[in-house]
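Whatever order the structure lists ligands and atoms in, that order sets their numbers, starting from 1.
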Amino acid sequence: MNSNLLNTASYINGKWLNGQGPAFQVNNPALGEEICTINGANENDTVSAVDAATAALPAWRAKTAKQRSAILRRWYELIMENEDELARIITAEQGKPLAEAKGEIAYGANYIEWFAEEAKRIYGDTIPGASSSSRIVVIKQGIGVVSAITPWNFPNAMITRKAAPALAAGCTFIVKAACETPLSALALAELGERAGIPAGVFNVVVGQEAEKIGAVLTTDPRIAKFSFTGSTEVGKKLLAQCATTVKKTSMELGGNAPFIVFDDANVDEAVKGAVISKFRNAGQTCVCTNRIFVQQGIYNAFVEKLSNAVSQLKLGNGMDNGVDVGPMINKDAIKSVQSLVDDAISDGAQVNMGGGLSKLGELYFEPTVLVNVTPSMNVATEEIFGPVAPIIKFNTEEEAVALANNTDAGLACYIYTRDIGRVWRVSEALEYGMVGINEGIISNEMAPFGGVKQSGIGREGSKYGLDDYLEIKYLCMGGLDG
Ligand code: NAP
């Protein structure tokens, strides 16, 4: 691959580091070909990154909010100037269609733009004191060194959603990028350097020894905060590791999104929303629809229209024009989705569309629609993370809410109805961090993204997103009577 944003080693303390860990390949899932070999980092290199972030903290923190804001703004502009090239890197290493990859670049950059602005609005508070001679003042300060671990499904945006508020708040930052998609992370570092981010403020560790690198990032006492996006299973482990030094944590974990279509919904709109929320990124997003609940009265119409819409989706290499669904990330992902579909079929589900591998190659799973699904099947209880839409019939509003809430996950959910009373009743009853109401795409930098229950802790984006990177300090001002 030809790109002046292509780097193959970790970026630590403003330098491209010759890592001490094993080298590893980055592959293009659409073609099954190697893109390049990465010079992997190990835990010693990760300690060097913590050294660098610790050393860089005082000067970065001492800059005015306006100075930090100007650097972030320049980073945002450079990302948007290089939008096409960055999108091609995402499609090459991750597989999503180019138009979606471009969407991710703009989406990810928007967080940097947003927090460049919010950097200047970290306000404190004054509170009437306990006596006439005292006043209470509250200030907010950046928490310190922040570490993060991110997944492969949004290799750009999952980093900017964390780095932007951290840098805006005056924190320094180290991220371990996912092994499948290190190139997007390293391209961000390249542009960050060009934007004037000082050495040590933004560090990217790429290495295959996730457990050892993760151990440093979750236990080094110099790190004040750890932010993770990834699976619930790994998140729980890292959360426990963070407990040893009582770090502040943000956890963006897995989902099991219900998509509820009531009898009074606009069926065409519901189908449009279901297709986009289920099949983008080949079903590999944490907010992807996982279970589609359709009320009895419109069940047949919905199934027919959804199957029609899914039959129009073009599967293929994301670099090609007109492709809607790209390959899955790797063979394990294919295996896991195939086994959920096979289990469902053996438990009585019927395949309306798709159901297995396409002739295009070993990482291409056909967009699939399953009917006669029951809530207890694995395909409904587990996060599918693939292009499979299981449809479940329901009768009453109460039943739909109970089924939707019957999971440990609580990230995104979706409801389609034109009844305003039902919109409020159901939205308030659903145990989720985000509710799409007649909307299948809900994430943007202005809104607080995050989950409840075992889907996570904390919020990313919006005016609330900075709080995860700030500490509140109470100043008790006494002796004011003179
Ligand atoms: P994953 O297996 O949990 O991996 C995520 C990151 O954790 C990768 O960088 C991985 O490194 C690293 N990792 C894995 N095991 C580790 C360990 N023992 N110690 C330290 N680091 C470790 O998740 P994934 O398969 O990449 O991503 C899919 C999951 O992420 C899904 O469950 C999805 O719902 C969730 N997700 C959540 C959100 C959200 O905002 N809530 C957004 C996107 C994705 P390697 O790459 O080197 O293995």
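Counting heavy atoms from C-beta on, the side chains of Leu167 and Tyr469 never come closer than 4.5 Å. Contact check for Tyr76 versus Asn110: side-chain heavy atoms found under the 4.5 Å cut-off.
Among the atoms of Thr232, none of the N or O lies under 3.5 angstrom from an N or O of ligand 1. Ligand 1 has an N or O atom lying under 3.5 Å from an N or O atom of Trp152, backbone or side chain. Considering backbone and side-chain N/O atoms, Gly230 comes within less than 3.5 Å of an N/O atom of ligand 1. At under 3.5 Å, not a single nitrogen or oxygen of Gln208, backbone or side chain, sits near a nitrogen or oxygen of ligand 1.
Closest approach of Ser443 and Phe449 over heavy atoms only: OG-CD1, 3.4 Å.
Within the 4.0 Å heavy-atom criterion, the part of Met158 lying near ligand 1 is the side chain and not the backbone. Contacts between Leu253 and ligand 1, counted as non-hydrogen atom pairs separated by less than 4.0 Å, involve the backbone only. Counting heavy atoms closer than 4.0 Å to ligand 1, residue Lys237 contributes side-chain atoms (C-beta onward) but none from N, CA, C or O. Under 4.0 angstrom from ligand 1, the non-hydrogen atoms of Glu383 all belong to its side chain. Contacts of Asn153 with ligand 1, taken as heavy-atom pairs under 4.0 Å, involve the side chain alone. Of all the heavy atoms of Phe154, none lies under 4.0 Å from any atom of ligand 1, so neither backbone nor side chain is involved. In Met251, neither the side chain nor the backbone holds a heavy atom less than 4.0 Å from any atom of ligand 1.
For atom 2 (O) of ligand 1, the closest heavy atom belonging to the protein is Ser231 OG, 3.9 Å.
Using a 3.5 Å distance cut-off with no hydrogens or angles, the side chains of Glu93 and Ser184 do pair a donor with an acceptor. Inspection of the Lys162 and Thr229 side chains reveals an N or O donor paired with an N or O acceptor under 3.5 Å. Thr219 and Thr244 form no side-chain donor-acceptor contact under 3.5 Å, judged by distance and modelled atom types alone. Under the 3.5 Å distance criterion, with hydrogens and angles disregarded, no donor-acceptor pair is assigned to the side chains of Lys247 and Thr249.
Using a non-hydrogen distance threshold of 4.0 Å, Arg161 registers as a contact of ligand 1.
Using a 4.0 Å cut-off between charged side-chain N and carboxylate O, Arg194 and Glu190 make a salt bridge. Residues Arg73 and Glu113 are paired through a salt bridge, judged by an N-O separation under 4.0 Å between the basic side chain and the carboxylate.
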Start with the C-alpha gap between Gln94 and Thr181, add the side-chain angles, then the distance that decides, and say whether side chain to side chain donor-acceptor pair (under 3.5 Å) holds.
CA-CA 6 Å; Gln94 198 270 336; Thr181 56; over 6 Å; no
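Every atom of ligand 1 is numbered from 1 in the order shown, and the set under 4.0 Å from a heavy atom of Leu411 is 41 (N). Using a 4.0 Å cut-off to heavy atoms of Phe228, the atoms of ligand 1 that qualify are 3 (O), 6 (C), 7 (O). Proximity to Leu238 (heavy-atom distance under 4.0 Å) selects the following atoms of ligand 1: 19 (N), 20 (C). In the vicinity of Gly254, heavy-atom distances shorter than 4.0 Å reach the ligand 1 atoms 32 (O), 34 (O). Below 4.0 Å from some heavy atom of Cys179 lie the following atoms of ligand 1, by number and element: 45 (P), 46 (O), 47 (O).
Ring centroids of Tyr416 and Phe259 are separated by less than 6.0 Å, placing the two rings close together.
For atom 4 (O) of ligand 1, the nearest protein heavy atom lies 4.0 Å away or farther.
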